[in-house]
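Because only heavy atoms are used, hydrogens play no part in the values below, and waters and symmetry mates are left out as well, while side chains stay in.
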Amino acid sequence: MSNFTLHELQCFNAVVVHGGYQAAAERLHRSHPSVFAAVAKLERQLGLDLLDRSGYRVGLTEAGRAFHRKVRLLLHEAEELRTYAAQLAMGEEAELRVVLGDLCPLPPVLELLSRFFAPRPQTRLHLQFETVTGPWERLLEDEADLIVHRVPKSDVRMEWIDLGRVALVPSWRPVSCPSPRTPTSHRSGCRPSPSAWSGIRRGTRPSRAISWSRARPGVPCRTTS
């Protein structure tokens, strides 16, 4: 069996999808004889009758129907490969791995990502969420291209752009108060122990800067144990 070409597969698919040689030729901007010859050559190379020509309109044989399912997948992959090559030629990213940190205000950041990806429908977004130092670890282990999180700006391995500030409100509960039976607990009130400060939410000061960061090119980014 000789090797068939992508052009022959495209002609076969067009005949099936558009219901005939003439419609396929117009779709592919080819002549009717060239499309007919390409499909006939494909059948000879495969040793299969792909099209049933006994009726007024061509149809698929049983073998042709099974073969066409594979052809559609292959043509889809070929189109994605062509798009990927075009993106590389233009210097665009084919995919972006973005990690959002736990201090990240989701509505404005998701809106920012939406505006960024709207004119880039072929760029795939892989979005993940991490807490505490998780975004830094993802970035430095080359498991993320960008992070939106607070950034240690003294770390020369990262490039960053400030996006804004997120205000924090400490919340606490009394965990080291005297016994309720002790009169002084009612007069002076309970003061939180250092470990009692927990939780954050958007509100008043203090605040943390939120930055869009990526690994700095040319600087080693593997963390060491």
Ion pair check, R124 and E80, cut-off under 4.0 Å: yes

W160 side chain vs R150 backbone, donor-acceptor pair below 3.5 Å: no

Nearest-0.5 Å distance, CG of residue N13 to NE2 of residue H18: 7.5 Å

Taking everything shown except R53 itself, do over 12 heavy atoms lie less than 6.0 Å from its CZ? yes

Hey, does L96 have a side-chain heavy atom less than 4.5 Å from the side chain of F116? yes

Straight-line distance of H7 NE2 to K41 NZ, nearest 0.5 Å: 9.0 Å

Spatial distance of atom CG (L100) from atom CD (E130) [nearest 0.5 Å]: 10.5 Å

Shortest non-hydrogen separation from V35 to A24 and the atoms involved: CG1-CB, 4.2 Å

For D52, is there an ion pair with R65 - N to carboxylate O distance below 4.0 angstrom? no

Does the distance from a Lys or Arg side-chain N to an Asp or Glu carboxylate O, for R97 and D142, drop under 4.0 Å? yes

Sequence neighbours excluded, the answer for ring pair (Phe, Tyr, Trp, His ring centres under 6.0 Å) partners of F36 is Y21

Are Y56 and L60 connected, step by step, through hydrophobic side chains (Ile, Leu, Val, Met, Phe, Trp, Tyr) whose heavy atoms are closer than 4.5 Å? no

Enumerate, atom names and distances included, each donor-acceptor pair closer than 3.5 Å involving a side-chain atom of residues 104-113, sequence neighbours excluded.
none

If you round to the nearest 0.5 Å, how far is CD of E77 from CG of L81? 8.5 Å

Side chain proximity check, L51 to V16, heavy atoms < 4.5 angstrom: yes

Does any part of the side chain of F12, heavy atoms only, come nearer than 4.5 Å to the side chain of V17, both counted from C-beta? no

Considering all heavy atoms of both residues, which atom of D145 and which atom of L139 are nearest to each other, and what is their separation? O-CD1, 3.9 Å

Under 4.5 Å between side-chain heavy atoms, hopping through other hydrophobics if needed: is there a path connecting L73 to L75? no

Between A144 and V99, the two heavy atoms sitting closest are CB-CG2, 3.6 Å

Separation of E43 CD from T61 OG1 (nearest 0.5 Å): 7.5 Å

Side-chain contact, heavy-atom cut-off 4.5 Å: L42 with L50? yes

Please check if the side chain of S34 supplies one atom and the backbone of R30 the other of a donor-acceptor pair under 3.5 Å. no

At their closest point, which heavy atom of A63 faces which heavy atom of L48, and how far apart are they? CB-CD2, 4.4 Å

Is L140 reachable from V132 through a run of hydrophobic residues whose side-chain heavy atoms are each under 4.5 Å from the next? no

K153 vs D162, test: salt bridge (charged side-chain N to carboxylate O under 4.0 Å, His left out). Steps then yes/no. CA-CA 10 Å; K153 297 181 179 179; D162 278 339; 2.8 Å; yes

NE2 of H149 to CG of L146, rounded to nearest 0.5 Å, is 14.5 Å

Heavy-atom distance under 4.5 Å between the side chains of L9 and F67, does that happen here? yes

For residues Q45 and N3, report the shortest heavy-atom separation together with the two atoms involved. NE2-O, 3.3 Å

Excluding sequence neighbours, so at least two apart, what forms salt bridge (Lys or Arg N to Asp or Glu O under 4.0 Å) with E26? none

